[in-house]
Protein chains: 2
Amino acid sequence: MSRIPATERRAALAHAALAVISRDGLAAATTRAIVAEAGMPLASFHYAVASRDELLRDVVELVVAEEGVAALAPLLAKAGSIREAAKLALSGYLEFVRRDPGHEQAMFELTQYALRTPGLSDLPAEQYARYHALATELLDAATAQLHPDWSVPMPDLARLLVSFTDGLTLAWLADRDDAAAARSIDLAAVAIAGFAREKVRA
Amino acid sequence: MSRIPATERRAALAHAALAVISRDGLAAATTRAIVAEAGMPLASFHYAVASRDELLRDVVELVVAEEGVAALAPLLAKAGSIREAAKLALSGYLEFVRRDPGHEQAMFELTQYALRTPGLSDLPAEQYARYHALATELLDAATAQLHPDWSVPMPDLARLLVSFTDGLTLAWLADRDDAAAARSIDLAAVAIAGFAREKVRA
DNA sequence: GTCTATAATGAGATAGAC
DNA sequence: GTCTATCTCATTATAGAC
């Protein structure tokens, strides 16, 4: 494990921390658990990073920098309407959550922790700005494909979309009710399509 | 502080714990912080309750048992349409969050913690069942007043409403953008009204 | 029944040998 | 530069004096 630059160790620790938080929760993400996950000795931790909170900042920024919704855009290709596009994208997102629920839980735990922690309280705003930007990209992709006229500003609709996906996720994490989640998605898709005036397809 | 029944101490500790979590976060809700808030000696803690997790169970159940949305129903009285009713109720809810953001953060922190904790993992499902029931009551109240026909089942709409309020809250907690939250509420109100076929008012 | 004093554990951080 | 060994502190929980 010798001869690894400190910046690389920092990144490796951030990835390890995210893995631990996803698997076992934020409370279990002690410095010891993180270095064990990364296969490093404990002392490497404070060699690469000043404090645990500083590493958690890295973790949030790591998450924010990730592609995220990019995987959902291809789903839109099959859609013949905004309603269908919304349903496919939301179902694809829920499938992503279902495949790795811990990852989404980790996001929520990190956000709440950051809000409470003096040195990190600026992070959630960045995080959600990124989410809103990603949702805007997804809506733009749908718009480019189906050419609807929207009756509301795109950033407002993007925020609504993010809020709904957050709420959908929280409820599903709580009760794991797949059928109810699917019905929520259907309703949300109808609601989103309601803001679009769609052109008649040739 | 003598002669207080154990069950009463338990309840007092649960209330104190909720106060600490709301003010300082779940991580700060140590047994010491909780008994200090309750004005009890430390040993009273384990006299009244077996463990910290067991008290957190009480806290969640305390929260679930609370009235919650009852305060929102009166707001509906002024509404002349479903759209207006939805806007008033959601704005009233956001105002409630804004008045005590820590309380809502506490809810999210407790839910996430419970999901991760073996003895408490059944609680979030109860919690959300309660939320959904409360949303149903609110929708019933609006229905009783405005007599719309709904194009979707009430429980599904209730779940959508809860999901949206959760997402609205998370986004607002993250970026504190009042104007953006207000626009989200406007859009959500339109979307909800879209599921109602309203009778013409006399 | 109640609470003081303390045990036992595990945390973040660091000094100093290699 | 790297990591072993340790320090210091805060935590939950409890034993035993009142």
Side-chain angles (χ1 to χ4, degrees), chain A residues 1-21 23-60 106 109-110 112-114 116-120, chain B residues 1-21 23-60 106 109-110 112-114 116-120:
Chain A
M1 193 57 62
S2 55
R3 301 281 69 212
I4 297 176
T7 68
E8 228 169 272
R9 299 217 145 186
R10 235 184 122 108
L13 284 169
H15 279 94
L18 182 57
V20 172
I21 299 167
R23 175 162 26 84
D24 304 319
L26 183 56
T30 66
T31 55
R32 283 166 176 75
I34 293 167
V35 295
E37 179 78 22
M40 289 182 201
L42 179 56
S44 292
F45 190 97
H46 287 96
Y47 181 74
V49 71
S51 73
R52 180 174 175 269
D53 281 352
E54 195 179 302
L55 182 67
L56 291 180
R57 168 173 282 273
D58 281 14
V59 174
V60 175
E109 291 181 84
L110 281 167
Q112 296 304 312
Y113 180 78
R116 297 286 196 186
T117 306
L120 306 179
Chain B
M1 191 58 59
S2 54
R3 302 282 69 215
I4 297 176
T7 68
E8 229 171 271
R9 298 218 147 187
R10 235 184 121 107
L13 284 170
H15 279 94
L18 182 57
V20 173
I21 299 168
R23 175 161 28 82
D24 304 320
L26 182 57
T30 64
T31 54
R32 280 168 175 74
I34 293 167
V35 294
E37 180 79 21
M40 289 182 200
L42 179 57
S44 293
F45 190 97
H46 287 96
Y47 181 74
V49 70
S51 72
R52 181 173 173 269
D53 280 352
E54 193 178 304
L55 182 67
L56 291 181
R57 169 173 281 273
D58 282 14
V59 175
V60 175
E109 291 181 85
L110 282 166
Q112 296 304 312
Y113 180 78
R116 297 286 196 185
T117 306
L120 305 178

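Note on naming: letters A, B, ... go to the chains in the order of the sequence lines (proteins, then strands), and numbering restarts at 1 for each one.
- Shown here are the side-chain hydrogen bond (donor to acceptor under 3.5 Å, both in side chains) partners of A:Gln112, two or more places apart in sequence or in another chain: there are none.
- Applying the side-chain contact (heavy atoms from CB on, under 4.5 Å) rule to A:Ala17 yields the partners A:Ile34, A:Leu55, A:Val59; only residues at least two apart in sequence or on another chain are considered.
- To the nearest 0.5 angstrom, A:Leu56 atom CG is 6.0 Å from A:Leu26 atom CG.
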Heavy atoms under 4.0 Å is the rule here; annotate nucleotides 5-12 of chain C 5' to 3' with B where the base is hit, S where only the sugar-phosphate is, and - elsewhere.
------SB
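- Taking the side-chain contact (heavy atoms from CB on, under 4.5 Å) definition, one finds that B:Ala12 meets it with B:Met40, sequence neighbours left out.
- Here B:Ser44 reaches the OP1 or OP2 of C:dC3: one of its side-chain N or O atoms lies under 4.0 Å away.
- In this structure, A:Leu55 atom CG and C:dA13 atom C1' are separated by 14 Å, rounded to whole Å.
- When heavy atoms are screened at a 4.0 angstrom cut-off, A:Tyr47 is found touching base atoms of the nucleic acid.
- Under 4.0 Å is where a charged nitrogen must lie from a carboxylate oxygen, and between A:Arg10 and A:Asp58 at least one such pair does.
- Protein atom CZ of B:Phe45 is 17 Å distant from nucleotide atom P of C:dT4, rounded to whole Å.
- Within the structure, the salt bridge (Lys or Arg N to Asp or Glu O under 4.0 Å) test picks out the following pairs touching residues 27-53 of chain A (sequence neighbours left out): A:Arg23-A:Glu37.
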